[in-house]
Amino acid sequence: MRVSRLSLVTLRNVPADAEIPSHQLLVRGGYIRRVGPGLYAYLPLMWRVLSKINTIVRDELDSLGALETLLPQLQPAEPWERSGRWQGYTAGEGIMFHLEDRQGRQVGLGPTHEEIVTVLAGDLLRSYKQLPVTLYQIQTKFRDEIRPRFGLMRSREFIMKDAYSFHADEKDLEKTYALMAGAYARIFKRCGLNAVAVDADSGAIGGAASQEFMVMANAGEDLILSTPDGSYAANQEKAVSLPSVAETLPPGEERNLDTPGQATIEDLCAANGLSPSQTVKVLVLLARLDDGRKQPLLVSLRGDQELNDVKLTNAVTQRMGSPALEIAPINPEQLRQQGLSPLPFGSIGPDLEDCSLQDVRSWEKRFVRLADPTALNLDRFVCGANSADQHRWGATWSSMPAQIEADLRNAKAGDRSLHNQEQILEERRGIEVGHIFQLGSKYSDALEARFTDKDGKQASLLMGCYGIGISRLAQAAVEQHHDEAGICWPVNIAPFQVIVVIANVQDSTQLDLGESLYGSLQSAGVDALLDDRSERAGVKFKDADLIGIPWRIVVGREAEAGRVEVVERSSRSNSTMSHQDALNSVLVAVQGGT
RNA sequence: CGGGGCGUGGCGCAGUUUGGUAGCGCGGGUGCUUUGGGAGCACUAGGUCGCAGGUUCGAAUCCUGUCGCCCCGACCA
């Protein structure tokens, strides 16, 4: 390709709406353009990058025997209703774009394809003899994000590879899951990314085992906790750790404490010479459940611990038999609307009585009481006395109502690893580029996707599902590979592997040599770009750096002598040599990396 | 949804406080000079100042409404 024909528009100014380097560079380099909030056009250079990533992905998945398909983006509501996800995905903060067609049918734009593929699999896969099967597609997904940001990192329309596997038994599912994990590791490596697999929550997709593949970068939206020896890594949503040892309360009788204005753990401890680990804090929350119930919760944590929303949501979902769609603190306004008296927030104890809910209008009439082990393991503690400006010193669980024990706290940097107490957890930010799940029969049960097993009996298909954010991956690669001057693409996903820059196209010797090198590269099967523009050399160098082509051959001053300069973008190393040597060394470098 | 900010040529911005009929840098076009790290000079094209009302002799500027976009938050008392 000739740069003169590429419609290349690079920007010197940093676009005002781009925050992180990768987003700025992709816009400045002429890779993407914003069309609306969270909506981007992939310009010709970007499309080449995405195609290269897709080629690698296809190669690895095909080698596992997976089958490429293409499924509808416009999806009827019905299978989503049967899987129980229509409500959660469309109501309130739901993430699915949905609409009514001219016949009044409800349809959604696919944020993911479990429902569709499960229905299909149920139709197609009738016997264990057909299993296992893995189907995949590379396609645009739609998600009505609360707040799109960072360019392609969190956009409302993005390209995703999603794969779904179907099995007759657990063992077979686990086998494919493991194979897929291996393929993912190879895919990210071939894309030039430093990605790590971490334990993850399976979230709205549901299911058992689940791992995320994270590209470590400061711009990442996820917090990853890991041990220095690499033996443990997990998303904070899921991470576990050994809590620090609580300080014990000195001996003494249980008594009341006057705690005027001490509404936070911090204030309480400062005013009374306590350590946060000697206290129990109680959060008053309301869970909105999928079946319509509004369930008040009392959640007890040791004072020095933070609540983990994801763990809480999972615990509530499990106990209530209906998915928790949203859990939020109860505020005084809500109490008023329910016709309840105000609660002494800041002085709540685990034994706040259910009678304070007696007159509720639309909520459940009893609290569900959950407590984290860090709180339950305290023999004696300080907690709220359920009356304003009053706490209790030396309280014990024996005088409290029964609690549901559940891990509800955030693991954090500095905690000891549960798996090896010698190891202290560290935290880093990560960009989630892939996620694999063992779904089991969650969807096949709901959608009645069954097959006939060896014994002639009907059984639900066991499923795995596996995603890679293709467009996000491309941007993550830029986030991981750039410098002040621009992008430094890993050669395997670069839009072009080599750029031949003719320093001065007015000089016919330079022009001829440049053209000839370009032709030789093309005949050798290299993706080459020829900068044949009648710009000054400096402009062409700046653009080449910005768009990040891994290898540059400069045909300039010494063209007369048949000598050219070879520059490696990432290291900036350069050397001058004969054009034959240049061709050979670039061929070796480029093809060695493929 | 809550809080903050911003809408002025393709991009980045000034001008708004103190109304007087639109400007700077980059980019585009033409010509001459220049030619290895985003050149210089000259000429030139391009904006109903987000939109709709209002005040005024006169509105980018003041008032009202409205739409859009960006950032932060939605962390726990």
Side-chain angles (χ1 to χ4, degrees), chain A residues 8-20 23-24 27-30 33-39 92-93 146-151 223 236 259 261-268 276 279-286 297-313 326-333 335 342-349 352 370 372 383-384 388-389 391 408-410 412 484-486 501-507 510 531 533-547 552 554-559 564-565 567 572 574 576:
Chain A
L8 179 67
V9 176
T10 56
L11 304 174
R12 284 201 222 187
N13 292 328
V14 178
D17 59 354
E19 293 272 301
I20 61 175
H23 184 194
Q24 295 174 349
V27 175
R28 284 188 54 213
R33 276 294 166 98
R34 199 186 77 99
V35 169
L39 301 173
E93 306 266 275
I146 298 176
R147 186 145 89 86
R149 58 179 134 183
F150 302 149
L223 197 64
Q236 191 182 41
T259 52
Q262 298 160 24
T264 66
I265 294 290
E266 201 179 317
D267 295 344
L268 177 70
T279 68
V280 167
K281 65 178 170 187
V282 178
L283 312 177
V284 189
L285 307 167
L286 185 69
L297 308 172
L298 286 179
V299 176
S300 299
L301 294 171
R302 199 172 81 188
D304 61 334
Q305 300 298 317
E306 288 172 5
L307 178 67
N308 180 310
D309 277 335
V310 172
K311 290 180 181 178
L312 175 63
T313 303
E326 184 195 0
I327 299 180
I330 289 176
N331 60 45
E333 176 59 23
L335 291 174
L343 289 174
F345 293 120
S347 304
I348 304 287
L352 180 67
L370 297 135
D372 185 81
C383 67
D389 301 330
H391 282 75
L408 299 172
R409 54 178 274 276
N410 270 338
K412 54 191 174 192
E484 296 71 39
V501 176
I502 301 169
N504 181 358
V505 291
Q506 252 68 278
D507 179 328
Q510 290 186 22
D531 199 340
R533 293 176 298 173
S534 57
E535 292 285 351
R536 310 178 92 232
V539 173
K540 293 191 263 199
F541 295 153
K542 290 284 187 192
D543 274 344
D545 286 347
L546 178 59
I547 66 176
R552 186 169 90 209
V554 183
V555 182
R557 293 187 194 110
E558 298 187 52
V564 298
E565 188 185 5
V567 185
R572 294 279 176 101
N574 66 89
T576 301

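Protein chains get the first letters and strands the later ones, always in sequence-line order, with residue 1 at the start of each. As the structure is a computational prediction, the values presented were derived from the model and not from experiment.
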Visitor: Generate the contact string for nucleotides 3-14 of chain B. Rules: B means base contact, S means sugar-phosphate contact only, - means no protein heavy atom under 4.0 Å.
Guide: --------BSS-
Visitor: Checking all strands, does I502(A) fall into the base, sugar-phosphate, or nothing category for heavy-atom contacts under 4.0 angstrom?
Guide: nothing
Visitor: Is the base of G38(B) touched by the side chain of D543(A) through a donor-acceptor pair closer than 3.5 angstrom?
Guide: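 Side chain to base: pair present.
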Visitor: So which nucleotide does C43(B) pair with, by the Watson-Crick or G-U wobble rule with both distances under 3.5 Å?
Guide: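 When the pairing criteria are applied, G29(B) turns out to be the nucleotide that pairs with C43(B).
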Visitor: Hey, does G556(A) reach any base, or is it just sugar-phosphate, or nothing, if we go heavy atoms under 4.0 Å?
Guide: base
Visitor: Whole angstrom is fine here: how far is it from CD in E19(A) over to C1' in C70(B)?
Guide: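 Whole-Å distance recorded here is 8 Å.
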Visitor: R533(A) near the nucleic acid: base, sugar-phosphate alone, or nothing, with a heavy-atom cut-off under 4.0 Å?
Guide: nothing
Visitor: Can you tell me, in whole Å, how much space there is between the P of G50(B) and that of U8(B)?
Guide: 6 Å
Visitor: Can you give one letter per nucleotide of nucleotides 27-34 of chain B, going 5' to 3': B for a protein heavy atom under 4.0 Å from the base, S for sugar-phosphate only, - for none?
Guide: S------B
Visitor: Classify T10(A) by what it touches in the nucleic acid, base, sugar-phosphate, or nothing, heavy-atom distance under 4.0 Å.
Guide: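 Counting heavy atoms under 4.0 Å across all strands, the contact made by T10(A) includes a base.
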Visitor: Both distances under 3.5 Å, Watson-Crick or G-U wobble: report the partner of G36(B), or none.
Guide: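 Base partner found: none.
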Visitor: Starting from P on C75(B), measure out to CG on L223(A) and report it in whole angstrom.
Guide: 16 Å
Visitor: Just N and O in the side chain of R149(A): are any of them under 4.0 Å from OP1 or OP2 of C72(B)?
Guide: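 The answer is yes; a side-chain N or O of R149(A) sits under 4.0 Å from OP1 or OP2.
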Visitor: Paired with C62(B) by Watson-Crick or G-U wobble geometry, both distances under 3.5 Å: which nucleotide is it?
Guide: G54(B)
Visitor: Return the nucleotide paired to G2(B): Watson-Crick means purine N1 to pyrimidine N3 with N6-O4 or O6-N4, wobble means G-U with N1-O2 and O6-N3, both under 3.5 Å.
Guide: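 Partner of G2(B): C72(B).
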Visitor: Categorize V284(A) for me: base, sugar-phosphate, or nothing, with a 4.0 angstrom heavy-atom threshold over every strand shown.
Guide: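 Base contact.
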